[in-house]
Amino acid sequence: MQEQYRTVAREGVHETEINRSRFICALAPAASEQEAQDFVARVRREHPTATHNCFAYVIGADAAVQRASDDGEPGGTAGAPMLQMLLRRETRYVAAVVTRYYGGVKLGAGGLIRAYGGVVGEALDALGTVTRQRFRIATVTVDHQRAGKLENDLRATGRAVRDVRYAEAVTIEVGMPGADVDAFRAWLADATAGTARLELGGEAYGAA
């Protein structure tokens, strides 16, 4: 798994005009290929009279799924440069749709490539990106007497407390980089006089 990846900070739209053609880039984070496809379909419904609705998306921290469509533009002049821009900016779990309203002036292949790739880059700049860091999920089980102080200590030392559940004992779910597990285990034993139990779970991504 990748240690981290970048994605678009929020859904949004950026528009530019090139030789009287309107280029409207809609960007959105997409957790799955289905989400990306749903976003593309939604944008197409919003612009039914557009000349073209070209798209590109990258799914997976390792960019395992990559798709692009020229939607009627000459082959390789729209979807491919859009996809290349997403990859060049190292963005993942992201979908882009560029809607074009033709303004009567032909741009030529080179002009189209610059226009479609360029408007995606401008949209990424306008909306911003966020970094997601890979982390290990750990569950700490501790008695009620120590739980409050332990939770405060975890937060004070910058640990990512994801969940706290109260039952016969208290379980606190913590996220941390995989490399920190051994140091955390030692810190926890010291902080709870060895009374807390630590169970390691799976991996996920969260805000860096």
So, for Met82 and Ala96, which heavy atoms are closest and what is the spacing to 0.1 Å? CE-O, 3.5 Å
Is a donor on one side and an acceptor on the other found under 3.5 Å between the side chain of Arg136 and the backbone of Gly201? yes
Are Phe39 and Ile59 co-members of a hydrophobic cluster defined by side-chain heavy atoms under 4.5 Å apart? yes
Is it true that Val94 and Phe23 fall in one hydrophobic cluster, defined by side-chain heavy atoms closer than 4.5 Å? yes
Return the minimal non-hydrogen interatomic distance between Ala80 and Ala68, and the atom names on each side. N-CB, 4.2 Å
Could you give the distance from CG (Asp163) to OG1 (Thr171), rounded to the nearest 0.5 Å? 7.0 Å
Any non-hydrogen side-chain atom of Val164 less than 4.5 Å from a side-chain atom of Val170? yes
In the single-linkage hydrophobic clustering (I, L, V, M, F, W, Y; side-chain heavy atoms under 4.5 Å), do Leu200 and Phe184 co-cluster? yes
Side chains of Ile172 and Thr139: closer than 4.5 Å at any heavy-atom pair? no
Taking the side chain as everything from C-beta on, heavy atoms only, tell me whether Val140 gets closer than 4.5 Å to Leu188. yes
Val161 and Leu198: same hydrophobic cluster, using ILVMFWY side-chain contacts below 4.5 Å? yes
Closest non-hydrogen contact found for Leu86 with Ala56 is CD1-O, 3.8 Å
According to a 4.5 Å side-chain heavy-atom criterion applied to Ile, Leu, Val, Met, Phe, Trp and Tyr, with indirect links allowed, do Trp187 and Val174 form part of one hydrophobic cluster? yes
Approximate separation, where rounding is to 0.5 Å, of Arg100 CZ and Cys25 SG: 15.0 Å
With sequence neighbours excluded, tell me which residues meet ring pair (Phe, Tyr, Trp, His ring centres under 6.0 Å) with Tyr102. none
Measure the shortest side-chain to side-chain distance between Val65 and Val58 over non-hydrogen atoms and say whether it is less than 4.5 angstrom. no
Any luck finding a side-chain donor-acceptor pair between Arg146 and Thr195 under 3.5 Å? yes
Reported CZ-to-CG distance for the pair Arg159 and Leu150, which is rounded to 0.5 angstrom: 10.5 Å
One pair to check against side chain to side chain contact (heavy atoms under 4.5 Å, CB included): Arg67 and Glu33. What are the steps and the verdict? CA-CA 9 Å; Arg67 300 279 184 273; Glu33 185 168 16; 3.3 Å; yes
Look at Arg92 together with Glu90 and state whether they make a salt bridge at an N to O cut-off of under 4.0 Å. no
Check residues 104-121 and write down every donor-acceptor pair under 3.5 Å in which the side-chain atom is one partner and the other belongs to a residue at least two apart or another chain.
unit_1 : atom_1 : unit_2 : atom_2 : d
Tyr116 : OH     : Glu73  : OE2    : 2.6

Has Glu35 got a side-chain atom pairing as donor or acceptor with Ala31's backbone, closer than 3.5 angstrom? yes
Contact summary for Ser21 and Gly103, nearest pair of heavy atoms: OG-N, 3.0 Å
His47-Tyr101 side chain donor-acceptor pair, cut-off 3.5 Å: yes
Closer than 4.0 angstrom, basic N to acidic O: yes or no for Asp153 and Arg155? no
Any chance the side chains of Arg6 and Thr131 put a donor and an acceptor closer than 3.5 Å? no
Minimum heavy-atom distance Pro74-Thr77, with the two atoms named: O-OG1, 2.6 Å
Please report the shortest heavy-atom distance between Asp70 and Gly79, naming the atom on each side. OD1-N, 2.8 Å
Apply the test salt bridge (Lys or Arg N to Asp or Glu O under 4.0 Å) to residues Arg197 and Glu199: give CA-CA distance (whole Å), side-chain angles for both, the deciding distance (0.1 Å), then the verdict. CA-CA 7 Å; Arg197 191 170 79 249; Glu199 289 180 33; 3.4 Å; yes
With sequence neighbours left out, which residue pairs that include part of residues 53-72 fulfil the ring-ring contact (aromatic ring centres under 6.0 Å, His included) condition? Phe55-Tyr57
Check residues 8-19 and write down every donor-acceptor pair under 3.5 Å in which the side-chain atom is one partner and the other belongs to a residue at least two apart or another chain.
unit_1 : atom_1 : unit_2 : atom_2 : d
Glu11  : OE1    : Arg42  : NH2    : 3.2
Glu11  : OE2    : Arg42  : NH1    : 3.1
Glu11  : OE2    : Arg42  : NH2    : 3.3
His14  : NE2    : Glu122 : OE1    : 2.9
Glu15  : OE1    : Arg22  : NH2    : 3.4
Glu15  : OE2    : Arg22  : NE     : 2.6
Glu15  : OE2    : Arg22  : NH2    : 3.3

ring-ring contact (aromatic ring centres under 6.0 Å, His included): which pairs involve residues 74-95, sequence neighbours left out? Tyr5-Tyr93
Compare all side-chain heavy atoms of His52 with those of Thr99 and state whether any distance is below 4.5 angstrom. no
Listed once per pair and sorted, the salt bridge (charged side-chain N to carboxylate O under 4.0 Å, His left out) pairs that draw on residues 173-188, sequence neighbours left out: Arg162-Glu173
